[in-house]
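None of the values given here were measured: they were computed from a predicted structure.
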Amino acid sequence: MTNPIYIDQKEILKRYKQPDKHTHKGIQGHALIIGGSYGKIGAVSLSSKACLKTGCGLVTVFIPKCGYDILQTGIPEVMVLTDNQEKLISNITFDFTPQAIGIGPGLGQAVETQNALHQFLKINKTPLVIDADALNILSQNKEWLSLLQPKTILTPHPEELERLIGKWHSEEEKMSMAISFSKQYQVIIVMKGALTRIIDGETVYENTTGNAALATAGSGDVLTGMITSLLAQSYEPISAAILGVYLHGLTADIALPETGYQSFIASDVIANIGKAFLSLEKLE
Ligand SMILES: NC(=O)C1=CN([C@@H]2O[C@H](COP(=O)(O)OP(=O)(O)OC[C@H]3O[C@@H](n4cnc5c(N)ncnc54)[C@H](OP(=O)(O)O)[C@@H]3O)[C@@H](O)[C@H]2O)[C@@H](O)CC1
Ligand SMILES: Nc1ncnc2c1ncn2[C@@H]1O[C@H](COP(=O)(O)OP(=O)(O)O)[C@@H](O)[C@H]1O
Ligand SMILES: [Mg+2]
């Protein structure tokens, strides 16, 4: 592995774009978050709220029917489309063109949902972030990986990564397997963990923000929403991944003095996205 590029303030300021003062919600990007199943609608709530709070102009979710009231009441700013099924997603349809799609949080792995993902991947040309159960479904159907558009962003945690690329026996082997996978399918891999690395072919980036407070349910679902938001705002996929990971970690660094490691939850990531952005403005 060549030396990683550190994702620090310098790297971020090369990529960060301030919103134009004449912008409007139609220009700020419309993102679609697809996920959720009975008992895991919270994952989509977290992801879609994070998406909005990262600057996207409009956010729509596609969820099973059982999540309708939850989303409309919990996050009134988010628009909701539902599947025909009550508890799971069986057929992904929508009648607008989003600028970016995030798929997977809380999705589940039911056979009907697997088929829906397959049909979706066959026709999708929109910039895409794939997380959680959508990754697990791909791991069970590796021949579908060839359907992915170049620069699709995959965001596996270590267990999801292993399901996807196979078992490794050392850190070096893990990195070389991830690099080969990224090159083979032309995808960007956000390798989440205590240390998050981003792989884009032979190029490896290493994040410098974040702490153990992020080891809490839903913090990955929030990251998916943040990266999807940046992608919808016309950031190049690699910049969306880099900026998303950096800001996500920064929220935990900012909140830590107030929450401690123990009481920080995924909603605290969302609550601190504003402060994370403001700290970038101060650096400029
Ligand atoms: N409120 C909601 O609706 C929420 C919904 N959620 C949704 O639930 C679905 C299932 O997702 P999931 O990630 O919980 O399950 P899964 O893929 O089996 O992985 C779990 C195993 O992975 C491992 N592991 C994880 N991190 C690791 C690390 N850093 N370092 C090392 N190992 C690590 C660890 O393995 P262990 O150490 O236990 O062997 C652990 O047991 C998914 O759709 C998600 O979006 C959740 O986001 C929660 C909030
Ligand atoms: N000890 C840690 N230090 C820094 N970041 C962490 C730590 N543990 C987890 N994270 C981050 O928290 C997120 C967890 O994502 P994930 O495992 O997908 O959670 P979930 O599926 O519950 O949303 C990742 O971005 C990961 O990098
Ligand atoms: Mg996850």
Side-chain angles (χ1 to χ4, degrees), residues 15 17 28-35 44 47-48 51 54 56-62 81 89 91-105 107 109 113-156 160-161 163-165 177-192 197-205 220-221 223-245:
R15 295 170 189 271
K17 298 179 285 191
Q28 282 300 110
H30 189 169
L32 175 65
I33 304 288
I34 303 170
V44 184
S47 202
S48 58
C51 191
T54 306
C56 197
L58 297 163
V59 177
T60 297
V61 295
F62 186 88
L81 295 172
I89 286 177
N91 184 23
I92 299 166
T93 53
F94 47 92
D95 56 359
F96 68 100
T97 309
Q99 277 73 54
I101 299 177
I103 189 164
L107 184 65
Q109 299 176 52
T113 308
Q114 301 210 10
N115 290 335
L117 178 68
H118 191 198
Q119 295 312 317
F120 167 76
L121 292 177
K122 278 188 200 166
I123 56 169
N124 180 61
K125 299 275 182 276
T126 301
L128 184 64
V129 182
I130 305 185
D131 184 32
D133 287 323
L135 290 173
N136 294 328
I137 293 172
L138 276 176
S139 297
Q140 292 177 53
N141 300 278
K142 294 217 170 77
E143 64 281 8
W144 300 353
L145 285 163
S146 60
L147 297 171
L148 302 182
Q149 294 294 304
K151 303 293 178 190
T152 294
I153 301 172
L154 313 185
T155 61
E160 289 158 347
L161 183 70
R163 292 171 190 140
L164 202 58
I165 69 171
M177 286 166 73
I179 288 168
S180 300
F181 187 95
S182 167
K183 281 163 56 179
Q184 183 177 356
Y185 297 106
Q186 292 180 265
V187 292
I188 294 169
I189 310 177
V190 176
M191 291 170 60
K192 299 185 298 194
R197 290 199 180 105
I198 298 172
I199 316 286
D200 185 9
E202 293 279 346
T203 313
V204 178
Y205 300 86
D221 303 327
L223 177 66
T224 297
M226 294 176 74
I227 296 175
T228 306
S229 183
L230 295 164
L231 209 48
Q233 291 167 69
S234 303
Y235 280 93
E236 288 300 316
I238 187 62
S239 292
I242 287 173
L243 191 52
V245 163

**Q** Kindly indicate whether the side chain of L154, heavy atoms from C-beta on, has any atom under 4.5 Å from the side chain of I188.
**A** no
**Q** Tell me the closest heavy-atom pair linking L230 and A240, and the distance in Å.
**A** CD1-O, 3.6 Å
**Q** Measure the CD1-CD1 distance between I198 and I153 for me, rounded to the nearest 0.5 Å.
**A** 8.5 Å
**Q** Would you say that P237 contacts L231 through its side chain, given a criterion of any heavy-atom pair below 4.5 Å between the two side chains?
**A** yes
**Q** Decide yes or no on side chain to side chain contact (heavy atoms under 4.5 Å, CB included) for C56 and Q233, but give the supporting numbers first.
**A** CA-CA 6 Å; C56 197; Q233 291 167 69; 4.3 Å; yes
**Q** Which pair of heavy atoms, one from N141 and one from I137, lies closest together, and at what distance?
**A** ND2-O, 2.9 Å
**Q** Could you measure the distance from the NE2 atom of H30 to the CD1 atom of I101? Nearest 0.5 Å is fine.
**A** 10.0 Å
**Q** For residues T155 and D131, is any side-chain donor paired with an opposing acceptor at under 3.5 Å?
**A** yes
**Q** T228 and A100: which non-hydrogen atoms are nearest, and at how many Å?
**A** O-CB, 3.5 Å
**Q** Decide side chain to side chain contact (heavy atoms under 4.5 Å, CB included) for L145 and F181; before the verdict, give the C-alpha distance in whole Å, the side-chain angles of both, and the deciding distance to 0.1 Å.
**A** CA-CA 10 Å; L145 285 163; F181 187 95; 3.7 Å; yes
**Q** How close do L223 and G244 get, counting heavy atoms only, and between which atoms?
**A** CD1-O, 3.6 Å
**Q** Side chains of F120 and L147: closer than 4.5 Å at any heavy-atom pair?
**A** no
**Q** Ignoring hydrogens and angles, tell me if any N or O in the side chain of T152 forms a donor-acceptor pair with the backbone of L128 under 3.5 Å.
**A** no
**Q** Is D200 salt-bridged to K183, cutoff N-O under 4.0 Å?
**A** no
**Q** Taking all heavy atoms of I179 and all of G201, pick out the closest pair and write down the distance.
**A** CG2-O, 3.5 Å
**Q** If I take atom CD from residue Q186 and atom OG from residue S146, how far apart are they, to the nearest 0.5 angstrom?
**A** 11.5 Å
**Q** Do any N or O atoms from the side chain of Q184 and from the backbone of S180 form a donor-acceptor pair under 3.5 angstrom?
**A** no
**Q** Starting at CD1 of I34, measure out to CD1 of I103 and round the result to the nearest 0.5 Å.
**A** 4.0 Å
**Q** Tell me, do L164 and N136 make a side-chain contact under 4.5 Å, heavy atoms counted?
**A** no
**Q** Please check: side-chain N/O of T126 versus main-chain N/O of Q99, any donor-acceptor pairing under 3.5 Å?
**A** no
**Q** Could you verify whether a donor N or O on one side chain and an acceptor N or O on the other, from R163 and S139, lie under 3.5 Å apart?
**A** no
**Q** Does Q149, at its CD atom, have more than 12 non-hydrogen atoms belonging to other residues, nucleotides or ligands within less than 6.0 Å?
**A** yes
**Q** Has Y235 got a side-chain atom pairing as donor or acceptor with K17's backbone, closer than 3.5 angstrom?
**A** yes
**Q** Tell me, do I238 and K151 make a side-chain contact under 4.5 Å, heavy atoms counted?
**A** no
**Q** Please examine the side chains of L138 and L121, heavy atoms only from C-beta on, and report whether any two atoms are closer than 4.5 Å.
**A** yes
**Q** Supply the atom-to-atom distance L32 CG to F94 CZ, rounded to the nearest 0.5 angstrom.
**A** 5.5 Å
**Q** Less than 4.5 Å apart, any side-chain heavy atom of F62 and any of I92?
**A** yes
**Q** If we only count heavy atoms from C-beta on, is the L243 to R15 side-chain gap below 4.5 Å?
**A** no
**Q** Okay, side chain of Q109, backbone of Q140: is any donor-acceptor separation there less than 3.5 Å?
**A** no
**Q** Roughly how far, to the nearest 0.5 Å, is the CD1 atom of I89 from the CG atom of N115?
**A** 13.5 Å
**Q** Minimum heavy-atom separation for T224 to P105, with atom names?
**A** CG2-CG, 4.1 Å
